[in-house]
Structures are given as structure tokens and as C-alpha cells.
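Every value quoted in this text rests on a predicted model; they were computed, and no experiment measured them.
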Amino acid sequence: MAISTDNAIPVPKIDADNAFDAATCIGCGACVAACKNASAMLFVSAKVSQFSLLPQGKVEANKRVLHMVEQMDKEGFGNCTNTGACEVECPKGISLENIARMNSDFLKASVSSEA
Ligand code: SF4
């Protein structure tokens, strides 16, 4: 019997660990409730990161981050002012690093011709 190699793309351990950590977000909304700006950046950045860190998620990474940020803005969530209240309240320990990563990904996607 042949062994499938479809999911045999090597993933650096640090990326796998960070993607797994981001994927533990349960969407509880505690981060939004704790934020004085009602920002959803921690939640959305966790969802963006859990895919963008992995090779399989890089295929549509530009489109994904642009669309998710656009939708977040449409829904009326506030802007992040880096108070860190979201990270403190998050029951899953989702890191602010995800917000920094999403901002970087968003900037790259905004100037990319692939989006
Ligand atoms: S508080 Fe943490 S687990 Fe809950 S939605 Fe926000 S990022 Fe996800």
C-alpha cells in the first residue's frame, strides 16, 4: 500500500507551535470585552495566524488577511491601541505577537499584486 505524501510538507517547529497556540482561541470574546476600544484584533489575528503560519495556509494568506480585516472594520470593532488588556484577559493565553504578525501580513498583502 502506497503512503500518501500530501501532508508531508516540512513545517519548522516554531511555526507549528505558534500556529497551534493561535488555533487554541475559542472565540469567547473576552478580549473584545476587555478592550476599551472594543477591538477584535486579538481574536482575528489568532484566526489569521493559525493558517498563515503553515504552508497549506500560505496559498490564500494575502486574500484572507485583507478580507478578515475588512470584515472586522465593517462590523464596527474599534482599533487596537496596544493596551494589552486583551492578552491579560484571554483564557487561552493568545499572545499580542499575533496582532503584530497580522499587521505585518496586512501591510505586505496591501502592497502585493497577488491579493
Ligand atoms: S479572549 Fe482569547 S480565546 Fe477568547 S476570543 Fe479573544 S483571543 Fe480568542
If you take all heavy atoms of [X] and [Y], which pair is closest and at what distance?
X	Y	answer
Cys35	Ser39	SG-N, 3.4 Å
Asn62	Ala109	OD1-CB, 3.6 Å
Leu53	Ala19	CD1-N, 3.5 Å
Cys25	Ala46	CB-CB, 3.9 Å
Gly84	Leu96	CA-CD1, 4.1 Å

Please tell me whether [X] and [Y] are part of a single hydrophobic cluster in this structure, the criterion being side-chain heavy atoms less than 4.5 Å apart.
X	Y	answer
Phe51	Phe106	no
Ile99	Phe43	yes
Met102	Leu54	no

Taking atom CD as the centre, does Glu97 end up with more than 12 heavy-atom neighbours from other residues, nucleotides or ligands that are less than 6.0 angstrom away?
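No - once you tally the heavy atoms of other residues, nucleotides and ligands closer than 6.0 Å, there are 12 at most.
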Under the 3.5 angstrom rule, does the side chain of [X] hit a backbone N or O of [Y] as a donor-acceptor pair?
X	Y	result
Glu89	Ala30	no
Asp15	Val11	no
Asn37	Asn79	yes
Ser52	Val48	yes
Thr83	Ala85	yes
Asn98	Ser95	yes

Take Ile94 and Thr24 through the test side chain to side chain contact (heavy atoms under 4.5 Å, CB included) and record every step on the way to the result.
CA-CA 8 Å; Ile94 303 296; Thr24 63; 3.7 Å; yes
Side chain proximity check, [X] to [Y], heavy atoms < 4.5 angstrom:
X	Y	value
Asn18	Arg101	yes
Pro91	Cys28	yes
Gln50	Asp21	no

To the nearest 0.5 Å, tell me how far [X] [atom1] sits from [Y] [atom2].
X	Y	atom1	atom2	answer
Glu60	His67	CD	NE2	9.5 Å
Glu70	Lys63	CD	NZ	13.0 Å
Lys92	Leu42	NZ	CG	13.5 Å

Worked check of side chain to side chain contact (heavy atoms under 4.5 Å, CB included) between Asp105 and Ser49:
CA-CA 9 Å; Asp105 289 351; Ser49 291; 5.8 Å; no
